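Notes to accompany the following structure.
Just so you know, residue 1 is the first one in the sequence shown, and it goes up from there. Just so you know, these numbers come straight off a predicted model, no measurement behind them.
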Amino acid sequence: MYGLWKPRVLGAWKVPASGPVIFAVNHSHNIDGPMVMGVAPRPTHFLIKKEAFIGPLDPFLTGIGQLKVDRETTDRTAITRALDVLSAGGVLGIFPEGTRGEGDFASLRAGLAYFAVRSGAPVVPVAVLGSSERRGRLMKGLPPLRSRIDVVFGDPFEAGDGSGRRTRKALDEATERIQKQLTAHLENARRLTGRQATLN
């Protein structure tokens, strides 16, 4: 990542040095996940749609510990593997919007809340800014080479209410709490980096 682009990483010191952590990453470009993996202070295991595991990418992604997920169904295998990462004290990366979009955390799926409440792991919001502003000339699907991409890590927070409840109501409330925190972090990250919403 550092060879191809110019990542500017802010707030990496906020990531807990040990124990389970969930990175909640906004998603506006394909490069967002690899960028976070490349600059994060700890190895990260992302839940990635199974469609990405094609050809030589399959053994590569599996080899670096990424987790294949079927978004069309409740993928029990992926859920178990993700919980295993957290129970082993690892870092799980999730795109809480479920799919690539505006990257503004406007609509969250319940998956992030489920993993956070079930594991008790703190959630660290991560904003990737600048990856979708312009297209590269050489490779249209990627940001321009040597362009600056900002990765801003936020303060860890607990998604649950501390009761350990996993009811639908508890997960809905956790999703609401997560959404507020992620939206606030994104606004703060845009202020810090000087990147306004209209650009991203």
Side-chain angles (χ1 to χ4, degrees), residues 7 9-17 19-49 65-67 69 71 75 78-79 81-83 85-87 89-132 149-161 166 170-193 195 197 200:
V9 183
L10 304 172
W13 57 271
K14 296 179 180 181
V15 177
V21 174
I22 298 172
F23 285 162
V25 185
N26 69 324
H27 198 18
S28 59
H29 196 284
N30 280 332
I31 203 73
D32 297 341
M35 183 59 68
V36 172
M37 278 181 239
V39 304
R42 293 177 58 187
T44 308
H45 306 270
F46 266 93
L47 276 169
I48 300 173
K49 63 182 180 182
Q66 304 315 304
L67 310 171
V69 63
R71 296 178 302 170
D75 189 336
I79 291 168
R81 286 185 179 145
L83 289 170
V85 165
L86 294 170
S87 64
V91 180
L92 179 67
I94 294 181
F95 298 114
E97 296 155 293
T99 186
R100 198 167 72 250
E102 293 300 310
D104 57 3
F105 295 125
S107 60
L108 301 194
R109 293 188 171 193
L112 173 56
Y114 172 79
F115 288 119
V117 171
R118 173 95 188 257
S119 67
V123 176
V124 171
V126 185
V128 181
L129 302 172
S131 59
S132 61
I149 296 173
D150 294 320
V151 182
V152 187
F153 293 90
D155 294 308
F157 66 91
E158 301 295 329
D161 59 6
R166 291 189 290 220
L171 289 178
D172 286 346
E173 287 169 1
T175 299
E176 216 168 290
R177 267 192 294 278
I178 289 167
Q179 181 136 28
K180 280 185 185 147
Q181 293 271 12
L182 299 187
T183 303
H185 172 65
L186 191 56
E187 284 170 14
N188 186 46
R190 284 182 172 138
R191 269 198 307 276
L192 273 174
T193 59
R195 293 181 187 270
N200 211 50

Fill in the blank from the handout: Only one of Ile178, Thr44, Leu86, Val124 passes side chain to side chain contact (heavy atoms under 4.5 Å, CB included) with Ile22, and that residue is Leu86
Practice task
Find the distance between CD (Gln179) and CG (Leu112) and round it off to the nearest 0.5 Å.
Solution key: 10.5 Å
Exercise for the section: Kindly check if the number of other-residue, nucleotide or ligand heavy atoms within 6.0 Å of NZ (Lys14) is above 12? Expected result: yes
Problem - Shortest non-hydrogen separation from Ala12 to Pro41 and the atoms involved - result: O-CG, 3.7 Å
Fill in the blank from the handout: Heavy atoms of Val123 and Ala116 approach each other most closely as CG2-CB, 3.8 Å
Exercise for the section: Could you tell me whether the side chain of Arg177 and the main chain of Glu158 form a donor-acceptor pair under 3.5 Å? Expected result: no
Handout entry: Minimum side-chain heavy-atom gap Arg81-His45 below 4.5 Å
Key = no
Exercise for the section: Indicate yes or no for a side-chain donor-acceptor contact from His185 to the backbone of Val152 under 3.5 Å, with no hydrogens or angles considered. Expected result: yes
Handout entry: Residues Leu92, Phe46; criterion side chain to side chain contact (heavy atoms under 4.5 Å, CB included); working and verdict
Key = CA-CA 6 Å; Leu92 179 67; Phe46 266 93; over 6 Å; no
Exercise for the section: Answer whether the closest heavy-atom distance between the side chains of Leu186 and Leu129 falls below 4.5 Å. Expected result: yes
Practice task
Determine, step by step, whether Val85 and Phe115 satisfy the side chain to side chain contact (heavy atoms under 4.5 Å, CB included) criterion, reporting the C-alpha distance in whole Å, the side-chain angles of both residues, the deciding distance to 0.1 Å, and the verdict.
Solution key: CA-CA 11 Å; Val85 165; Phe115 288 119; over 6 Å; no
Completion exercise
Smallest heavy-atom separation, Arg42 atom then Val21 atom, equals NH1-CG2, 3.5 Å
Exercise for the section: State, with a plain yes or no, whether a side-chain heavy atom of Asp150 is found less than 4.5 Å away from one of Leu10. Expected result: no
Problem - Check: Ser87 and Ser119 side chains under 4.5 Å, non-hydrogen atoms - result: no
Practice task
Determine, stepwise, if the pair Val117 / Leu171 fulfils side chain to side chain contact (heavy atoms under 4.5 Å, CB included).
Solution key: CA-CA 7 Å; Val117 171; Leu171 289 178; 4.1 Å; yes
Practice task
Could you tell me which non-hydrogen atom of Pro20 sits nearest to which non-hydrogen atom of Pro122, and how far apart they are?
Solution key: O-CD, 3.2 Å
Exercise for the section: Test Leu83 against Ile79 for side chain to side chain contact (heavy atoms under 4.5 Å, CB included), laying out the working first. Expected result: CA-CA 6 Å; Leu83 289 170; Ile79 291 168; 4.0 Å; yes
Handout entry: Audit row: Phe153, Phe23, ring-ring contact (aromatic ring centres under 6.0 Å, His included) steps and yes/no
Key = CA-CA 9 Å; Phe153 293 90; Phe23 285 162; 5.5 Å; yes
Exercise for the section: Kindly give the heavy-atom pair with the smallest separation between Asp32 and Phe95, and that separation in Å. Expected result: CB-CE2, 4.4 Å
Handout entry: Test item: Gln181 and Pro125 side chains (from C-beta on) under 4.5 Å apart, heavy atoms
Key = no
Exercise for the section: May I ask you to decide if Val128's main-chain N or O and Asn26's side chain share a donor-acceptor pair within less than 3.5 Å? Expected result: yes
Practice task
Would you name the heavy atoms of Arg195 and Arg190 that are closest together and state the gap between them?
Solution key: O-CB, 2.9 Å
